[in-house]
**Q** 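This is the structure I have questions about; it appears just below.
These values consider heavy atoms only, across backbone and side chains, with no hydrogens, waters or symmetry-generated copies. Throughout, protein chains are lettered first and strands after them, A, B, ... in sequence-line order, and every chain is numbered starting at 1.
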Amino acid sequence: MILTALNGTFLSMEKMKRTATCGSLRASDENKTIILNGWVHRNRDHGGIHFINLRDRYGETQIVVDEDVPAELAELAGSLKFEYCVAIEGVVRKRPDAMINPDMPTGEIEVSVKKIEVLNTCLTLPFMIEDETDSNETARLKYRYLDLRSKGMQERIILRSKVTHAARDFLQRTGFLEIETPTLIKSTPEGARDFLVPSRLHAGKFFALPQSPQLYKQLLMVSGFDKYFQVARCYRDEDARGDRQLEFTQVDLEMSFVSRDDVLTVTEGIMANVFKETMGVELQTPFERLSYDDAMNLYGSDKPDLRFEMAFQDFAPFVPGSDFSVFKSVLESDGVVKAMVVPGAAAAYSRKKITELEDTAKTYGARGLAWMKVTAEGLDGGVSKFFGDQADAIKSGLGANDGDLILLMAADWKTACTSLGAVRSRLGKDLDLIDESVFRFCWIVDFPLFEYNEDEQAWEPAHHMFSMPQDQYLDTFESDPGPVKGDLYDLVLNGYELASGSIRVHDPELQQKIFNVVGFPKEQAEERFGYLLESFRYGAPPHGGLAFGLDRLVMILAGKSSIKEVIPFPKNSAGMSPMDESPALVDEPQLNDLHLQVVMPEED
RNA sequence: GGAGGCGUAGCGAAGAUGGUUAUCGCGCCGGCCUGUCAAGCCGGAGAUCGCGGGUUCGAGACCCGUCGCUUCCGCCA
C-alpha cells in the first residue's frame with residue numbers, strides 16, 4: 001500500500017508497518033528495535049530532550065528524542081502536532097528508576113527514537129482528545145471520529161464488543177441459533193410509530209423498519225427453530241431520551257416448549273456470563289422476583305432501584321382517626337394514602353427542600369406531598385397536627401424513629417405510587433443512598449395484561465397483544481379484563497428496565513379473543529398480521545422469549561447515564577446527526593422515483 | 001406537544017446590585033528550556049457576548065420575542 005503525504009513524498013507502509021502496539025511494550029522488551037504506528041497524544045519538548053506520547057487503541061508509549069539525535073530528526077520531532085498520525089522506529093529501553101511512571105502500563109519503558117515518518121498531519125482540533133471530554137455534545141457528534149479516539153469512548157466501544165460477544169457466546173453454547181430477520185417489513189399498528197420506507201417498485205406502498213423482530217421470531221418458532229436469538233437493530237420513531245435512540249440494539253431471543261422460568265433462567269445465564277467476562281463480577285442467580293403489584297406498592301415503579309430501601313407503607317389505617325379531610329376524601333373515592341419514612345432526614349429537609357420534593361411529585365400528577373417530622377415528643381410540622389394523638393401508633397406502625405422524615409402521598413393508586421416513587425428516586429440520589437459499585441437485578445413478574453384507557457374508554461394491551469394470560473384467568477379474562485395477570489416479565493437493573501418479554505399466545509382462537517377484549521377489529525388483525533395468525537393454525541408450538549437492550553446494558557456497565565456514550569454514531573436529542581446532517585432533503589428525481597410528494601407543514 | 005436549564009474566542013468556564021481597554025485555563029502562533037508524563041517559563045494573535053427588538057445617558061448582565069442545544073414530563077418497552 002502506498003500512502004501519499006501532504007508534502008508530496010510517497011510513503012510506503014511496508015517499510016514502517018508496526019511491529020508492536022502502543023500498549024504492549026514492557027521491561028522484558030528491552031533493547032528490541034520496534035516500529036510503532038499511532039497518533040501523537042502529547043508532545044513535550046524540553047529543549048535538549050523531548051518526549052512524545054504515542055497512542056493507539058491499545059495504550060500509550062513514551063517516545064524519547066535524545067539530545068544527541070541528528071538535527072533533522074530533532075526538528076521533525078519538534079514539528080509534530082496533536083493527532084498527527086505517525087510511524088516511529090526506535091529501541092526499547094528501561095527508564096531510569098526515578099522516571100518510571102507507575103500510572104502507565106508501559107511506564108517502565110520508553111522508546112528511543114531512530115526514525116519518524118509522518119503518515120498524516122492533523123488540523124487544529126475542535127476539542128482536545130482527552131480521557132473524558134467535557135466538550136459540548138454537538139461538537140462531539142459533529143467530529144465523532146475524533147471523539148471516538150478518546151480513551152473513554154474507546155473503552156466503552158471495546159466493552160460493548162465484549163458484552164455482545166459474551167452474550168453471543170453463552171447463547172451459542174447453550175444451543176441457540178443466530179438467525180437474521182428482515183429489516184424491511186410490513187407496518188404494524190401496535191406500539192411506537194414506525195419508520196416508513198417508500199417502495200419504488202410499488203407506487204404508494206411502504207415498508208416499515210422493525211420496532212423489534214417480534215413477529216418474525218414467533219414465526220421461527222412455528223418453523224421449529226426452537227431456540228433463536230439475534231443481535232437486532234430496532235427502530236422507533238419516538239422522541240429521544242438519555243437512554244433512548246431512534247435506532248437501538250436488542251439481544252432478542254425466543255424459545256419453544258418453555259414456561260416463564262425457562263426464559264428467566266436463560267436470561268440470568270446470559271447476564272452472569274456477560275458480567276463474568278466483561279467485569280469479572282460473579283452474579284448471584286436466580287435474581288430476586290417481585291410482582292408488578294408489589295413493585296408498585298413498595299417502590300412506586302415497575303423498574304425499582306433496589307440498591308436502597310425506603311419501601312412505602314400503607315397509611316390508610318391512621319386516616320379515620322384524624323380530621324384531615326384531604327386524606328379522607330381520597331380514601332372515600334377509592335384512592336390510597338402511602339407513607340415513606342426517610343431515615344434521619346428531618347433535620348436536613350427544610351420546608352423549602354420538601355417543596356422541591358413536592359414539585360417532583362407534581363410532575364407525575366400528584367396534587368401535593370404531605371409530611372411530618374418524627375421527634376422524641378411525637379410528630380412535628382407539616383400535617384402533624386392532624387395526627388398528633390396517634391403519634392406513638394404511627395411511629396411504631398411505620399417503624400419510624402427520632403429524626404426521621406415521613407412523607408405522605410394521597411391519590412388514586414397509580415398516581416400515588418408513581419409520584420411517591422419519583423420522590424423516592426430523587427431522595428436516593430440526594431441523600432447519596434446508592435452504592436454505585438453494586439449491580440442489583442430483579443425480575444418484575446405478573447404484569448397486568450390489560451390497562452384501561454380512560455380517554456378512549458377502552459381496554460388496551462399493557463405490553464403487546466401477543467402475551468399470554470396466566471392460566472387462572474383463561475375463563476374470565478373476556479368478561480373481567482382488569483385483574484388479569486399475564487405471563488409477562490421485565491428484567492430490571494439498578495432502576496433501569498433492561499429486558500422485557502412474555503410467554504406468547506400460540507392459539508389462534510385465544511388470540512382472537514384477546515383482540516376482541518382490546519377492541520382490535522378482526523379485519524384489521526387479518527390485514528396487519530394475518531400471516532402470523534394463520535401460522536398458528538399449522539401446529540404452532542407454545543413459545544416465549546425476551547429481548548434486552550444492549551445499549552442500555554453497556555451504558556450501565558460503563559457507569560454512564562446516556563446510551564449515546566456507548567453508541568459509536570448516535571443521533572442527538574432532536575433525532576439528527578450533526579456529522580452527516582441527516583435526516584436531509586432529497587432531490588426531486590429521487591422523490592419521483594418513489595412516487596412521493598413532500599407537503600411541508602404550514603408556518604404559523 | 002409541555003416544563004426547566006444553558007448559549008461569552010476553536011474548547012471549557014468567570015463576569016455581586018447595569019458603568020467605559022470583557023477575565024481565566026486549555027488549544028493556536030513565536031521564543032526559551034536536558035527527564036517530562038495535564039511538563040514549565042516569556043511573549044502574541046484570537047470574541048460583532050446565539051439572533052432580533054426594547055428599557056437606559058450607558059446592556060454580556062434587565063425585559064420581550066426568536067433560534068439552537070440539553071434534561072425531564074407526555075410519547076415510547
**Q** Looking at B:C75, does its base get a donor-acceptor pair with the side chain of A:Arg244 below 3.5 Å?
**A** yes
**Q** Using a heavy-atom cut-off of 4.0 Å across all strands, would you classify A:Gly48 as base, sugar-phosphate, or nothing?
**A** sugar-phosphate
**Q** What is the pairing partner of B:C62, taking Watson-Crick or G-U wobble pairs with both distances under 3.5 Å in any strand?
**A** B:G54
**Q** Quick check on B:G10: is either OP1 or OP2 less than 4.0 Å from any side-chain nitrogen or oxygen of A:Thr124?
**A** no
**Q** What nucleic acid atoms does A:Asp103 come within less than 4.0 Å of, heavy atoms only: base, sugar-phosphate, or nothing?
**A** nothing
**Q** Could you check whether the rings of A:Phe466 and A:Phe515 sit parallel, tilted or perpendicular, using 30° and 60° as the cut-offs?
**A** perpendicular
**Q** Do A:Thr249 and A:Arg160 have side-chain N/O donor and acceptor atoms under 3.5 Å apart?
**A** yes
**Q** Would you check if there is a donor-acceptor pair between the side chains of A:Gln211 and A:Asp194 at a distance under 3.5 Å?
**A** yes
**Q** Does any N or O donor sit under 3.5 Å from an N or O acceptor when you compare the side chain of A:Asp239 with the base of B:C75?
**A** no
**Q** Going by ring centres under 5.5 Å and near-parallel planes (under 30°), is A:His46 stacked on B:A39?
**A** yes
**Q** Counting the atoms with a prime plus P, OP1 and OP2 as sugar-phosphate, which does A:Ala462 contact under 4.0 Å by heavy atoms, base, sugar-phosphate, or nothing?
**A** base
**Q** In the structure I gave you, are the side-chain heavy atoms of A:Glu108 and A:Arg26 within less than 4.5 Å of one another anywhere?
**A** no
**Q** Would you indicate what A:Lys564 reaches in the nucleic acid, counting non-hydrogen atoms under 4.0 angstrom: base, sugar-phosphate, or nothing?
**A** sugar-phosphate
**Q** Remember a base hit wins even if backbone is also touched, and classify A:Met99 as base, sugar-phosphate or nothing at under 4.0 Å, heavy atoms.
**A** base
**Q** Pick out which of A:His543, A:Glu254, A:Gln218 makes a side chain to side chain donor-acceptor pair (under 3.5 Å) with A:Arg504.
**A** A:Glu254
**Q** So A:Arg44, base contact, sugar-phosphate only, or nothing? Heavy-atom distance under 4.0 Å.
**A** base
**Q** Base, sugar-phosphate or nothing for A:Asp490? Non-hydrogen atoms, less than 4.0 Å.
**A** nothing
**Q** Describe the nucleic acid contact of A:Arg55 in one word from base, sugar-phosphate, nothing, applying a heavy-atom distance below 4.0 Å.
**A** nothing
**Q** At under 4.0 Å between heavy atoms, what does A:Glu110 touch on the DNA or RNA strands: base, sugar-phosphate, or nothing?
**A** base
**Q** Think A:Asn136 has a side-chain N or O under 4.0 angstrom from the OP1 or OP2 of B:G12?
**A** yes
**Q** Could you tell me whether A:Ser500 contacts a base, only the sugar-phosphate backbone, or nothing, with contacts defined as non-hydrogen atoms closer than 4.0 Å?
**A** base
**Q** Answer yes if the side chains of A:Thr265 and A:Asp262 hold a donor-acceptor pair under 3.5 Å, and no otherwise.
**A** no
**Q** I'd like a list of close polar pairs between nucleotides 22-24 of chain B and the protein, N/O only, cut-off under 3.5 Å.
**A**
none

**Q** Which base sits across from B:U17 as a Watson-Crick or G-U pair, both distances under 3.5 Å?
**A** none
**Q** Heavy atoms only, 4.0 Å cut-off, all strands: where does A:Asn101 land among base, sugar-phosphate and nothing?
**A** base
**Q** Examine the base of B:C37 for any acceptor or donor lying under 3.5 Å from a partner atom in the side chain of A:Arg95, and report the outcome as yes or no.
**A** yes
**Q** Considering only heavy atoms from C-beta outward, does the side chain of A:Met271 approach that of A:Phe548 to under 4.5 Å?
**A** yes
**Q** Between the side-chain atoms of A:Glu67 and the base atoms of B:G35, is any donor-acceptor pair under 3.5 Å?
**A** no
**Q** Quick one: are the ring centres of A:Phe82 and A:His41 less than 6.0 Å apart?
**A** no
